[in-house]
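Both backbone and side-chain heavy atoms feed into the values below; hydrogens, waters and symmetry mates do not. Quick note on labels: first sequence line is chain A, next is B, and so on, each numbered from 1.
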Amino acid sequence: MPELPEAEVVRRGLDAVVRGRTLVAVEVGRDRAVRREPSMAAFVDALAGRTVAGTGRIGKFLVVRLADGDGRDVVVVHLGMSGQLRVAESAAEPRRPHTHVVWALDDGREVRFVDPRTFGQMWRDRTREPGGRPVTLGHLGPDALDDLTDASVLASRLANRRVRLKLRLMDQTAVAGLGNIYTDEICFRAGVSGGRPAGALADAEVERLVEVTRVVLTDAIVAGGSSLADAQYVDLFGRTGEYQRQHAVHARAGLACPVCGTEIVRERFGGRFGYSCSVCQT
DNA sequence: AAGCACACCTGCTAGC
DNA sequence: TGCTAGCAGGTGTGCT
């Protein structure tokens, strides 16, 4: 489900719920939800009794930092396409279908990982230094919100690439956090076609991309993220996002471009569909 | 070695 | 009404 804005909205909610809390019990109902573990028992035993120091995010990955160790233990969570973290006020609250992992907290609440398509996953990890990046996330490029501090950061990720811009922006090793929705919106607002070779952009176009990336992601977070028609994405408390109301092109094939009125077109990029305005984007 | 296709899953919708 | 095909915010792998 989520791209960077949705992951960040979930992280903020999660932080408020788990920071300083102790995980009194951990339950795994479906092994596939927990990866990179010798056994589910190893995961459950390692987490039970641990206290949460705080949370972080790199791209679309959530990082739950554990206290009461050497400060380098974390749990990484990725929501995949359909994953949700949901708060239950007590263990008595009925579990939704596809609840795969439950963290019971010392205040009686539960954090539940719900994921119909099972592309989401979580695993224990380590950082090199306290507060650092988990070692399994070393392949990720700069975070699209926190690390694009200068146009040169993005320029170096695009330079000399022949792959199409939209696909390069969705490549998490190039820039971390952007997916199908936000690359559509960012390319539209930057006025560039996602079909152009990534390395063929002018300096001014890269600068515009960096600028609108900051604006789009920030606005989307403020709006609580994007919830599409199937309402797959909700926050910890079940609230849908509202940023889809501000989408200019994504999933709007056949409708009028909000700027020039031209019909928005849908085209295939690899295995998925992108949306754009052929007049506003060149 | 960069770029692409495909696999991994379940659920919903459009079309017949 | 019921069936099927196709599509859905993701990442990782393995082929060319």
Annotated structure of DNA chain C as dot-bracket, pair cut-off 3.5 Å, Watson-Crick or G-U only, | for inter-strand, is .|||||||.|||||||
Distance, [atom1] atom - from [M] to [N], rounded to whole angstrom:
N	M	atom1	answer
C/dG6	B/dC6	P	14 Å
B/dA14	C/dG9	P	16 Å
C/dA5	B/dA7	P	16 Å

- A/Trp123 ring centre to A/Arg36 NZ or CZ under 6.0 Å, with the angle to the axis within 45°? yes
Whole-Å distance separating the [atom1] atom of [X] from the [atom2] atom of [N]:
X	N	atom1	atom2	value
A/Gln232	C/dC7	CD	P	18 Å
A/Ile186	C/dG9	CD1	P	15 Å
A/Phe269	C/dC7	CZ	P	16 Å
A/Leu169	C/dG10	CG	C1'	16 Å
A/Asp184	C/dA8	CG	P	11 Å

Using a 4.0 Å heavy-atom cut-off, does [X] contact any base of the nucleic acid, only the sugar-phosphate backbone, or nothing at all?
X	value
A/Gly271	nothing
A/Arg35	nothing
A/Arg168	nothing
A/Phe273	sugar-phosphate

Polar contact flag, side-chain donor to acceptor under 3.5 angstrom, [X]-[Y]:
X	Y	value
A/Thr136	A/Asp125	yes
A/Thr55	A/Arg11	yes
A/Thr99	A/Arg112	no

Applying ring-ring contact (aromatic ring centres under 6.0 Å, His included) to A/Phe113 and not counting sequence neighbours gives none
Nucleotide range of DNA chain B lying under 4.0 Å from chain A heavy atoms: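 It runs B/dA2 to B/dG11.
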* Side chain proximity check, A/Met170 to A/Thr183, heavy atoms < 4.5 angstrom -> yes
| message | Quick check: is A/Val111 connected to A/Leu23 through a chain of hydrophobic side chains (ILVMFWY, heavy atoms under 4.5 Å apart)? | response | yes
Are the side chain of A/Arg124 and the backbone of A/Val75 linked by a donor-acceptor contact shorter than 3.5 Å?
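Absent.
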Counting primed atoms, P, OP1 and OP2 as sugar-phosphate and everything else as base, the B/S/- map of nucleotides 11-16 of chain C against protein heavy atoms under 4.0 Å is BS----
When the side chains of residues 185-197 of chain A are checked against the rest of the protein, which donor-acceptor pairs come out under 3.5 Å, sequence neighbours left out?
unit_1: A/Glu185; atom_1: OE1; unit_2: A/Ala248; atom_2: N; d: 2.7
unit_1: A/Glu185; atom_1: OE2; unit_2: A/Ala248; atom_2: N; d: 3.3
unit_1: A/Glu185; atom_1: OE2; unit_2: A/Val249; atom_2: N; d: 3.0
unit_1: A/Glu185; atom_1: OE2; unit_2: A/His250; atom_2: N; d: 2.8
unit_1: A/Arg189; atom_1: NH2; unit_2: A/Tyr243; atom_2: OH; d: 3.3
unit_1: A/Ser193; atom_1: OG; unit_2: A/Gly195; atom_2: N; d: 3.1
unit_1: A/Arg196; atom_1: NH1; unit_2: A/Glu205; atom_2: OE2; d: 2.9
unit_1: A/Arg196; atom_1: NH1; unit_2: A/Thr282; atom_2: O; d: 3.0
unit_1: A/Arg196; atom_1: NH2; unit_2: A/Ala200; atom_2: O; d: 3.4
unit_1: A/Arg196; atom_1: NH2; unit_2: A/Glu205; atom_2: OE1; d: 2.9

Without placing hydrogens or testing angles, list every side-chain donor-acceptor pair under 3.5 Å for residues 215-226 of chain A, not counting sequence neighbours.
unit_1: A/Thr218; atom_1: OG1; unit_2: A/Arg214; atom_2: O; d: 2.6
unit_1: A/Ser226; atom_1: OG; unit_2: A/Tyr182; atom_2: OH; d: 2.7
unit_1: A/Ser226; atom_1: OG; unit_2: A/His247; atom_2: NE2; d: 2.8

Regarding A/Arg12 and A/Asp15, does a basic nitrogen lie under 4.0 Å from an acidic carboxylate oxygen?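 Here A/Arg12 does not pair with A/Asp15 in a salt bridge, since their nearest N and O are not under 4.0 Å apart.
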Q: Please report the closest heavy-atom contact between A/Ala42 and A/Glu37, naming both atoms and the distance.
A: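 Heavy atoms of A/Ala42 and A/Glu37 come nearest at CB-OE1, 3.9 Å.
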